[in-house]
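Naming convention: chains lettered A, B, ... in sequence-line order (proteins, then strands); numbering from 1 in each chain.
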Amino acid sequence: MSTVATTPLPTLTPKDLSSDQDVRWCPGCGDYSILAQMKKALAGLGIPREKFVFISGIGCSSRFPYYMNTYGFHTIHGRAPTFATGLKIARPDLSVWVITGDGDGLSIGGNHLIHAIRRNVDIKIILFNNEIYGLTKGQYSPTSRIGTRTKSSPQGSVENPLRPLSIAIGAEATFVARTLDVDVNHLTDTLRRAAFHKGAAFVEIYQNCKIFNDGVFEYATDKSVKADNTLYLEHGKPLIFGKDRNKGIRLKGLDPEVVTLGNGVAADDLLIHDEKAEEPSLAYLLSRMVYPRFPECFGVFRAVERPTYEALINKQVEDVIRAKGPGKLEELFASDDIWVVS
Amino acid sequence: MSTVATTPLPTLTPKDLSSDQDVRWCPGCGDYSILAQMKKALAGLGIPREKFVFISGIGCSSRFPYYMNTYGFHTIHGRAPTFATGLKIARPDLSVWVITGDGDGLSIGGNHLIHAIRRNVDIKIILFNNEIYGLTKGQYSPTSRIGTRTKSSPQGSVENPLRPLSIAIGAEATFVARTLDVDVNHLTDTLRRAAFHKGAAFVEIYQNCKIFNDGVFEYATDKSVKADNTLYLEHGKPLIFGKDRNKGIRLKGLDPEVVTLGNGVAADDLLIHDEKAEEPSLAYLLSRMVYPRFPECFGVFRAVERPTYEALINKQVEDVIRAKGPGKLEELFASDDIWVVS
Amino acid sequence: MSSVARSVEESPSESHERGGPVRHRVEELDSVVVRFAGDSGDGMQLAGTQFTNASAIFGNDISTLPDFPAEIRAPAGTLAGVSGFQINFSSQDIYTPGDLVNTLVVMNPAALKTNLKDLEKGGLLIVNSDAFTFNDLRKADYATNPLEDGSLSAYRVIKVPINTLNREALKDIRLSPREVDRCKNFFALGLVYWLYERPLEPTLRWIREKFAKNPAILEANTRALKAGYNFGETTELFPVQYRVPKAHIKPGTYRKITGNEATALGLVTASILCNKTLIYCSYPITPASDILHALAEMRRYGVRTFQAEDEIAAVGAAIGASFGGALGVTGSSGPGLCLKSEAIGLAVMVELPLVVIDVQRGGPSTGLPTKTEQADLLQALFGRNGESPVAVVAPCSPADCFDMIIEAVRIALRFMTPVILLSDGYLGNGAEPWLIPDVNALPRIEISHPTKPNHDGQFMPYLRDERLVRQWALPGTPGLEHRIGGLEKEDVTGNVSYDPINHEKMVRIRAQKVANIANEIPPLSVNGPEEGDLLVIGWGGTFGSITTAVNRARRKGLKVASAHLRYLNPMPKNTGEVLRRYKRVLVPELNCGQLLLLLRGRYLVDAVGLNKIQGKPFLVSEIESEIYRLIGS
Amino acid sequence: MSSVARSVEESPSESHERGGPVRHRVEELDSVVVRFAGDSGDGMQLAGTQFTNASAIFGNDISTLPDFPAEIRAPAGTLAGVSGFQINFSSQDIYTPGDLVNTLVVMNPAALKTNLKDLEKGGLLIVNSDAFTFNDLRKADYATNPLEDGSLSAYRVIKVPINTLNREALKDIRLSPREVDRCKNFFALGLVYWLYERPLEPTLRWIREKFAKNPAILEANTRALKAGYNFGETTELFPVQYRVPKAHIKPGTYRKITGNEATALGLVTASILCNKTLIYCSYPITPASDILHALAEMRRYGVRTFQAEDEIAAVGAAIGASFGGALGVTGSSGPGLCLKSEAIGLAVMVELPLVVIDVQRGGPSTGLPTKTEQADLLQALFGRNGESPVAVVAPCSPADCFDMIIEAVRIALRFMTPVILLSDGYLGNGAEPWLIPDVNALPRIEISHPTKPNHDGQFMPYLRDERLVRQWALPGTPGLEHRIGGLEKEDVTGNVSYDPINHEKMVRIRAQKVANIANEIPPLSVNGPEEGDLLVIGWGGTFGSITTAVNRARRKGLKVASAHLRYLNPMPKNTGEVLRRYKRVLVPELNCGQLLLLLRGRYLVDAVGLNKIQGKPFLVSEIESEIYRLIGS
Ligand SMILES: Cc1ncc(C[n+]2csc(CCOP(=O)(O)OP(=O)(O)O)c2C)c(N)n1
Ligand SMILES: Cc1ncc(C[n+]2csc(CCOP(=O)(O)OP(=O)(O)O)c2C)c(N)n1
Ligand code: SF4
Ligand code: SF4
Ligand SMILES: [Mg+2]
Ligand SMILES: [Mg+2]
């Protein structure tokens, strides 16, 4: 339920986007920040509140829609992209967001994620990656690192984790980005970039699960080390990072290597980020850079234009109607041999 | 049912691997060749017949197990990798093969494929890619090219096709290869390479569906053009192709480009294939090369060693038994506070 | 032949010494069952379809049954590759494609072997004798040639060297030998047209339209058809010609329609009646795919088809489309329904309209994918976790698929509920004449969406009307922002609620809402006496066999009636009362007794089942004998 | 308190003027129900568990019910964050955790608010008065302080400043204030130990073992416990002390066990009894995950756990493991069972052993994930396409999960069939004492695998024994190579067959094979008279409430008996006969009447249902009143 705005708001504030439901995540959960930043990001888009729809699966993260005063649909585990796809085909006018977790989106729901991405349905898929199943009280997930000890892996997990961005890129994604729960400005900006992308946008957010996986992303969030372990991508700029911004990524054949600037290594020698590259090889390579061997990349890895699924389908409908006129039931019924009994 | 070998065969012949069931594919179907080459490949492995298990989903391709005089399991649509995983955990001694199609393996079954691959379960996954749903009489599949006209896409499909190898590489594959139904020697060799790989091996086979998608791979099979449209990978060798073997692939930044040898371009300038590269960037890049812009690559894209899932799980069992001795039920029952009533 | 010959006259054709038309007797019959059978490559489906059209246009009542091989292309000439098409045409109302075949046309030994068992004793067997070479016989696993070993003595065998005659007729046309041979189905068809006095013109017209761009083929098929016809007229192989007079059929414009076609047309029609975009979300599966194919051709009617990555995605997308205010429909067969069950449960909880089509096939598991069965009834009713009531309806004939899918849409929209339509392979692929409805006379489906708050200036998504139905508020409507989901919801507000009493209340409301549908469906009517010794009650595609069997038994003086449940959940309100008016109740089903369990459990009547699980519909005679067994005769 | 106080005596403790132990009356009781309730962070589950252990070790019969919040960590002090643990301990046989609470301990206002309704009128209410600050009250949505506004006058309220007293007792220990406060559950526990004369030693021992590495915490908890105990003994707040004598329990070694623990232990035991590797394949889901967790700890017993990517993968892997000759088991809750349905159908077709566990929860859809319900029975029986019979069993108490999961394994292996075990949230999380069995006395499960051809030198995978069971030939066995799959199979050979008659034969064989299980299960026994006015029949976790209610009604002179179906499919052979021996039949279920439909439909008895769908087990009184309503009293 919701309170009705008496006059249409000229611009939204984050508060307008808050529902009346108590937020029920654990104290200290990274989801709080994502919720706050989402409201901030959407408020500035100039889209009226009623045009937003949040669709989620099941998980702590998937409770998200209840807290947004927009239309929302908390569906079943792993299937949110399918509901979003149907909705978007029916209603291209809506801004449709999918909220999912590493379990919801990559374990049970991996296939739907891939297919929504490859079809380039114009939906924004936000994956809260806390490398754990939060809601079911802490089993390892498909993104948990090898050795993660949980209730279901007391001797440590033995499964190779998936890299969400690698999978998305492997599935022909047109937009992929990564950000962090605690980097509030970057988070807001990234969500906004996703909102502006026309097509399937896939955003991975590193999110801290305070209760079952506290601190897995500390290398990227701890003030004292994060500058050396993270690299913020900027389109057209060389890949530079480090506390003193004196480290960079250079290409050695097809492999990235960390180099220190100076001593004959100049910014010009570094890999230049190109989010618009036609082929996703660069984005893929960046998605493979993993701490501690490399700094991990944040920002927009890839953003290219391609027609959306629903636009193409609707165009087929329009084309045929333009060419042949709208269909009449009478004609359709008679579209086989007919005979008259009198 | 099967006829019993009266004396154990010292080595198998392809005929030993033929079941007594009539093969029921359409005349001219590419599946026949794959069946023949599979028997040839397996016959030479020195593995006794009873150790082979073929597990398939549903589709024309998935009828495969019925025709092999080995153990076989024709399961349900898209789920073959899950049965194979369970079997392999139970029975690491068996040589387990998964037979799947582009619909079975990438549409309904995409998620299981990814997860079997990332876990590196020691199974051989052979995907018959005919870019169509054969068994259900010809709808477009997730690998069908944009514009493919079928019963379910009379105005042409609008969906971006998946590249099976890109997805597999995105899912942390240790072995990926591609071959063709009609290139019988290459097919046999590739299957044999897969058999020798310890871990999840993923092989895509371009397969002609005579009835519903005849000729989609003609550019790669037609004698008059195939040399210019295909590139056979060899580990450690430069990427050369063409009727006159005077064309090659050179790296331009992160993008491949087709160059003609001579005129200042030497074989040394070309990209050298490295199937053992630690990072899969090269394999990924090769998987993106698509006709007509590029020749399409055949052979082993990637083959690296990593422990298998079942080996790691079994090791955990052995480790704990070695450390603490095998469990006794009595102890287990008493693993909580007990009290005695007399 | 099953019906009695009534008149005998001379054929009008002139008599000649030789070579010309010969004199033939003409016998008049009520109904006839013809089956064409041959290799998949022999064009039997085409021949059957043309025969059906010609018969319908002539004015007979018709019912048909195609029979495909399970393999796409089994090797030519093998048993696995046989394809058949059966037509029952009549001067009376008929409801089934017929039990026994009166005239069987076989194009090769394999077709003979797989079809002979259905030919009545004394029936006419037209054999393409050219196709009985040693090789052909071997492929069909014949040890001796049945044309020579006396094994066919119980039938009236007519050997026709169809290949030879057809080649002869087409010899001066510039076509490859293979192309010429592919016309032989038209030769056979022409022969049977002559035998049953069918008009050639509809088929000739079809050939002209179909092959307009290929004059050689056009000419070849035309000539083959006529050659076959003339062969019948000219030879003395057939002493008798048969005539099946026109039926007394309700006046109007007709076409032939399969159940799957009718389902597709019904969906488009429903979408127009409710003024909603139809979004049909499906993953291909036999025998439901043809609905997807048909709808994919209907973009002109605003239809969107979504070929999903699997059945879960299909149902998810359909629910998503419904959430957005479209008509979300998903279709599959039994294995697909398994996969959709979790999401259907969600639709129950969020109370959105959803239509789910299950074209049932032989099970369990992959089962007999190309065969028919009725074994998903209990799955449709109960195959979900928790108390998860949905409406279930089932058409009773191919054409009824049109009406019942519109009913399904109407119920889904009016009650904000999932509705499962149980069709089956027999209904889906079978065809019958369909009286084309007057579009303007079809009742609209009125729907409204709220645009304003409904409760003290707030919008309560789970506020209900007197029928217990909640409102369908669409995303994009300012001020009605709300959230729905699969967790139990608080009455009225729709907020998540773990309250025990609220849960019980909501479970009972959902059940009552579905039960309320019974207020808006027709009562169960009976065919036959209002009370009596036996009621034969069925559902789905068994309607034709049951009705025919009961009518026959009644003609023999038995006090037996039939009733057919097109609404399975809820059932019509008078169901229990109807059941109790008969001394005994028989429930024929193509399963092990699923409706039977429901009727016994709900109404506590000692009904008995008649169960057939052979991937095939009931023969009329099977039901008839059971009636006699139960109440003597 | 629900049972009658029988003796009154002086407390043995010496009397002092002040500060020392005071004189207390001691009352003896049959049974007592205590509930601890507080914030999720207050350690109530621990307190409850310790109390349970102490009571069990003392010699009472016990039954417990934990109640977790649905959220992982709801904000402290809120209603959503309340966690409770109820224990019924008795000198008699008890079967349920009790309807009404005799003594309620609440650590904060939220706990009071959510739990008070279950406290009997006149019951003892021990309140941590320190936690009733303005802030605490607001978080619990109290407008006024219930300790002051007279709203608790119907109860015997004892206000204890637990925070203060606990801090005081621990003041010289070097711990942070937070750590000190976290000991307050032990203070409360000590107080209740005194009140019910529980021995401190078991808990002191537990503290010593648990905190061996942390002397400060060890000391703090020890002191808190003793301080609470001494507080009871010293103050005059409690005029009476209660004594619940030892129960007459079957001699042996006991432990407390939850249903999920018992299921896990039963599986390991079964795997040892049949000498097979247990491969447990599961995807986490409440309330089934604990089985996975427990088994993941059991690698020492050779157990392999496979955490699959989803439920479909889990069941697929389990079937794959079975195909390989292991004991393939998969476990989930209702939504997961939906997803497994297609693969279970395959297991029916290929006739491999498979055990499927469904720990039912509130539905439909996501429903009430942490609550209990029995609404998946019909899904288990019918939730698959086609005629797809499986065996279904259901434990009747937490400890019975051990026995019934072994039964499930035995049936699956002996009949080469899927077996579904229906547990539920109440059984899974509830605990009761378990008589630890003698491992050597448990009957082995004998299985054999063929090593040689079974038919004229060939291996026929679908050749059956007299019970209709096929052989389990393992990959790797030379000469037995064969193929299985989901298409219909030919009798004996197992080759793919589309033959109609064969299909019907196979459908009936599969049904008969499952029906044959009835030959190897115990008949249905009744508790109470062999015939009479009423039979109360149930299944699953309602056993305790039904038995208690029926026993009480019988003590009041009614001719009422109870029976409990632990085998739901097939049912014991005498089920119909038992039902017919009573004038009326009542079927209490935590659903809308699922067993009811089956019993009526199968046995045509006019049974009536008593249905509760509140995510909670039946109270004994609810069933008792219905008994009186039906047959007077
Ligand atoms: C069909 C089904 N299977 C399993 C579950 C149980 N379940 C709920 S959420 C979840 C995993 C959540 O993990 P994730 O997506 O990472 O979300 P998080 O809680 O970490 O935000 C699981 C296994 C379910 N609800 N439905
Ligand atoms: C659950 C389920 N859904 C749908 C089907 C129908 N079906 C069978 S095979 C198939 C697709 C086959 O395509 P592919 O895997 O490419 O195999 P091919 O026939 O081309 O070799 C489909 C949709 C099914 N058998 N089961
Ligand atoms: S369990 Fe973890 S992810 Fe879930 S709400 Fe708590 S902190 Fe957040
Ligand atoms: S339909 Fe296509 S893939 Fe299937 S058997 Fe025929 S040719 Fe082969
Ligand atoms: Mg997570
Ligand atoms: Mg294919």
Exercise. Mind listing the closest non-hydrogen atom pair of Val303(D) and Val317(B) along with its distance?
Key: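 Taking every non-hydrogen atom into account, O-CG2, 4.0 Å.
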
Practice problem: Please name the pair of heavy atoms, one in Pro475(D) and one in Val53(B), separated by the smallest distance, quoted to 0.1 Å. | Solution: CB-CG2, 3.8 Å

Inter-residue atom distance [X].[atom1] - [Y].[atom2], 0.5 Å rounding:
X         : Y         : atom1 : atom2 : value
Ile319(D) : Thr75(B)  : CD1   : OG1   : 8.5 Å
Gln316(B) : Thr305(D) : CD    : OG1   : 8.0 Å
Ile89(B)  : Cys281(D) : CD1   : SG    : 6.0 Å
Thr82(B)  : Glu311(D) : OG1   : CD    : 12.5 Å
Asp337(B) : Lys256(D) : CG    : NZ    : 7.5 Å
His112(B) : Asp310(D) : NE2   : CG    : 5.0 Å

Please classify the contact between [X] and chain D as side chain, backbone, both or neither, with a heavy-atom cut-off of under 4.5 Å.
X         : answer
Tyr309(B) : side chain
Ser335(B) : both
Val320(B) : both
Lys328(B) : backbone
Asn314(B) : both
Leu94(B)  : side chain

Okay, side chain of [X], backbone of [Y]: is any donor-acceptor separation there less than 3.5 Å?
X         : Y         : value
Tyr71(B)  : Thr477(D) : yes
Arg300(D) : Lys324(B) : yes
Arg483(D) : Thr70(B)  : yes
Arg255(D) : Trp339(B) : no

Exercise. Check whether any side-chain heavy atom of Leu329(B) sits under 4.5 Å from a side-chain heavy atom of Val268(D), and report yes or no.
Key: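 Contact flag for Leu329(B)/Val268(D) side chains = yes.
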
Quiz prompt | Heavy-atom side-chain contact between Ile312(D) and Arg79(B) under 4.5 Å | solution = yes

Largest heavy-atom contact set with chain D, pairs under 4.5 Å, which of [options]:
options                                 : result
Met68(B), Glu310(B), His77(B), Lys51(B) : Met68(B)
Thr85(B), Ile76(B), Val340(B)           : Ile76(B)
Ala84(B), Gly325(B), Pro48(B)           : Gly325(B)
Ala116(B), Ala334(B), Pro326(B)         : Pro326(B)

Exercise. Among Phe402(D), Tyr254(D), Tyr301(D), find the residue that satisfies the ring-ring contact (aromatic ring centres under 6.0 Å, His included) test when tested with Phe333(B).
Key: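 With Phe333(B) as partner, Phe402(D), Tyr254(D), Tyr301(D) yield a single ring-ring contact (aromatic ring centres under 6.0 Å, His included), made by Phe402(D).
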
Exercise. Tell me, for Leu278(D) versus chain B, whether the close heavy atoms (under 4.5 Å) come from the side chain, the backbone, both or neither.
Key: neither

Self-check item: Structural part of Ile484(D) lying under 4.5 Å from a heavy atom of chain B
Solution: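 Both parts, heavy atoms under 4.5 Å.
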
Quiz item: Does a side-chain N-to-carboxylate-O contact under 4.0 Å join Glu309(D) and Arg119(B)?
Solution: yes

Self-check item: Top contributor to chain B interface from Pro202(D), Ala247(D), Ala314(D), Gly316(D) [non-hydrogen pairs under 4.5 Å]
Solution: Gly316(D)

Quiz item: Which residue out of Ala473(D), Pro437(D), Ser322(D), Gly302(D) racks up the most heavy-atom pairs below 4.5 Å with chain B?
Solution: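 Heavy-atom pair counts peak at Pro437(D).
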
